Protein chains: 2
Amino acid sequence: MTEPPGRRERKKAATRQKIADTALRLFLERGYDAVGIRDVAAEADVAVTTVFSHFASKEALVFERDHDFEQRLTRAVTDRPPHEPLIPALHREVQALVRHCTAEGSAPLRRMIEGSPALREYEESMSLRHAQALAAALAADPHLSRSATACRATARFVIDAYALACQADDPGATADEVFRMIQAAWEATAP
Amino acid sequence: MTEPPGRRERKKAATRQKIADTALRLFLERGYDAVGIRDVAAEADVAVTTVFSHFASKEALVFERDHDFEQRLTRAVTDRPPHEPLIPALHREVQALVRHCTAEGSAPLRRMIEGSPALREYEESMSLRHAQALAAALAADPHLSRSATACRATARFVIDAYALACQADDPGATADEVFRMIQAAWEATAP
DNA sequence: GAAGGTAACCCTAACCGTTAGCCTTTCACA
DNA sequence: TGTGAAAGGCTAACGGTTAGGGTTACCTTC
């Protein structure tokens with residue numbers, strides 16, 4: 001993953017990283033709204049067009065590492081031991097993700113996101129994509145012969161659990177409680 | 001509600017309506033992305049600033065009548081007969097809302113919304129607000145002594161049911177199926 | 001190792017949604 | 001009738017985003 005696949009791609013990755021690091025630093029220093037794309041570009045010493053060739057939007061600069069999220073959720077489904085029940089596997093993974101997102105170091109970032117309507121909206125739309133990916137993973141699992149609707153609903157419920165837990169006072173307990181509900185909902189779909 | 005409370009307010013309402021009608025017509029004629037705010041303002045014969053004094057954003061022009069939505073959901077909770085079970089009441093209301101949204105005349109509008117990422121994202125963020133209002137209504141109901149987490153989760157599940165049903169091939173059956181899951185989830189939270 | 005192709009990057013200028021500042025008209029109410 | 005305020009208008013600008021067109025640096029192939 002970190003091996004050199006050619007100078008060109010290494011330079012590209014370095015540029016991307018420099019932009020992301022600079023952006024996050026400026027956002028945290030001065031506030032998201034107070035920093036313009038032109039500021040980020042200038043500070044990272046690249047052109048504005050270069051920023052947008054690496055990131056689809058200003059908001060995307062903040063959520064650089066969210067590829068993980070989707071993959072971790074779907075892998076919690078696809079990579080679980082055979083015959084391991086689905087919901088506890090998802091529960092465990094969500095708990096880990098919630099801990100990651102409510103960890104000490106993430107507090108300023110979290111506060112920034114909650115403070116910006118644009119960022120909250122963007123995060124919401126990411127959640128929708130994650131739910132769709134998770135629904136696809138559920139539908140593809142041969143051990144779970146559930147309807148497409150049941151898969152889609154369960155996927156959204158799991159994303160809801162994550163979102164609720166991240167904002168809750170006691171994230172762990174909240175995730176536990178919501179997953180009790182999800183477990184019951186899932187069992188109600190048994191064929 | 002439709003009585004004349006003074007000329008000024010009538011004129012204001014007329015302006016607002018004219019803007020909304022013009023916008024929707026132009027959007028459907030030429031496509032959402034192909035119509036600018038300046039076009040809408042010119043065609044409605046008002047200033048751009050007037051458009052934004054009536055609507056918070058371009059997307060809001062499309063969802064003019066969504067105040068209904070939130071109120072209908074919360075009223076399905078607050079106005080239901082005493083001791084009527086919660087979930088069937090919500091189920092019935094969601095079915096009605098889904099029928100409304102998948103009716104014949106709504107097809108072009110629906111297609112337009114689905115075709116624009118900006119509109120989809122906006123609708124998502126509206127959903128979040130609706131879920132919060134519904135969660136508040138659930139938490140306030142004296143007959144349902146459930147935890148705040150249970151209320152919030154159930155509210156999101158209900159919104160999920162609506163969203164899934166609106167996009168499904170068979171909206172009615174989809175809502176039924178998801179509400180069977182919600183019923184089970186809700187029962188699992190009984191104190 | 002030289003030649004050609006192309007990916008990454010730069011610059012300029014613009015588009016579009018949105019807002020600020022300030023002015024004019026029109027209504028409500030004393 | 002006069003006065004304050006709300007609704008609306010005009011102009012200019014800001015900030016995210018993109019198009020167009022050029023330059024450099026890397027990879028490939030001979």
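Order of the sequence lines sets the chain letters (A, B, ...), proteins ahead of strands, with each chain counted from 1. Quick caveat, the model's predicted, so the values are computed rather than measured.
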Report all interatomic pairs (protein N or O, nucleotide N or O of nucleotides 4-6 of chain C) with separations under 3.5 Å.
unit_1	atom_1	unit_2	atom_2	d
dT6(C)	O2	R8(A)	NH2	3.3

Legend entry - dG8(D) OP1/OP2 closer than 4.0 Å to side-chain N/O of H54(B): yes

Inset, instruction - Mark yes when over 12 heavy atoms from residues, nucleotides or ligands other than D68(A) sit less than 6.0 Å from its CG; otherwise mark no. - result: yes

Legend entry - Sugar-phosphate, base or nothing in reach of V35(B), heavy atoms under 4.0 Å: sugar-phosphate

Inset, instruction - Go through the steps for R25(A) and E43(A) under the test side chain to side chain contact (heavy atoms under 4.5 Å, CB included), then give the verdict. - result: CA-CA 10 Å; R25(A) 179 169 58 79; E43(A) 184 89 5; 3.1 Å; yes

Inset, instruction - Kindly give the heavy-atom pair with the smallest separation between L134(A) and L73(A), and that separation in Å. - result: CD1-O, 4.1 Å

Legend entry - V62(B) vs M112(B), side chain to side chain contact (heavy atoms under 4.5 Å, CB included): CA-CA, chis, key distance, verdict: CA-CA 10 Å; V62(B) 175; M112(B) 185 179 91; 3.8 Å; yes

Inset, instruction - State, with a plain yes or no, whether a side-chain heavy atom of M181(A) is found less than 4.5 Å away from one of T189(B). - result: yes

Inset, instruction - Using a strict cut-off of less than 4.0 Å between a Lys/Arg side-chain nitrogen and an Asp/Glu carboxylate oxygen, indicate whether R129(A) and E124(B) qualify as a salt bridge. - result: no

Inset, instruction - Select base, sugar-phosphate, or nothing to describe what D45(B) touches, counting heavy atoms under 4.0 Å on all strands. - result: sugar-phosphate

Inset, instruction - Any chance you could encode DNA chain C as dot-bracket? Rule is Watson-Crick or G-U wobble with both distances under 3.5 Å; [ ] for pairs crossing earlier ones, | for another strand. - result: ||||||||||||||||||||||||||||||

Inset, instruction - Apply ring pair (Phe, Tyr, Trp, His ring centres under 6.0 Å) to F63(B) and list each qualifying residue two or more places apart in sequence or on a separate chain. - result: Y122(B)

Legend entry - Distance, nearest 0.5 Å, that separates CZ of F52(A) from CD1 of I37(A): 4.0 Å

Inset, instruction - Salt-bridge test for E64(A) and R16(A): reply yes if a basic N is under 4.0 Å from a carboxylate O, no otherwise. - result: yes

Inset, instruction - Let me know the distance between CD1 of I37(B) and P of dC16(C), rounded to the nearest Å. - result: 12 Å

Legend entry - Euclidean distance, atom CZ of residue F55(A) to atom P of dC9(C) [Å, nearest integer]: 11 Å

Legend entry - Pairwise side-chain contact, D160(B) with V178(B), heavy-atom cut-off 4.5 Å (strictly under): no

Inset, instruction - Quick one: label V48(B) by what it contacts on the DNA or RNA (base, sugar-phosphate, nothing), any heavy atom closer than 4.0 Å. - result: base

Inset, instruction - To the nearest Å, give me how far apart CG (L119(B)) and P (dG17(C)) are. - result: 12 Å

Inset, instruction - Measure from CZ on R16(B) to P on dA7(D) and round the result to the nearest Å. - result: 12 Å

Inset, instruction - Can you tell me the distance, in whole Å, between the CZ atom of R38(A) and the P atom of dA14(C)? - result: 14 Å

Legend entry - Among dG17(C), dG16(D), dC10(C), the nucleotide that comes nearest once only the side chain of F52(A) is considered: dG16(D)

Inset, instruction - Nearest whole angstrom, please: distance from the P of dC16(C) to the CD of E59(B). - result: 15 Å

Legend entry - N/O (side chain, T15(B)) to phosphate O (OP1/OP2, dG8(D)) under 4.0 Å: yes

Inset, instruction - Between T49(A) and K11(B), name the one whose nearest nucleotide on DNA chain D is closer to the 5' end. - result: K11(B)

Inset, instruction - Send over the distance from K12(B) NZ to dA5(D) P, rounded to a whole Å. - result: 16 Å

Legend entry - Contact under 4.0 Å: T50(B) side-chain N or O vs dG9(D) OP1/OP2: yes

Legend entry - Gap between atoms CD and P, on E9(B) and dT26(C) respectively (whole Å): 18 Å

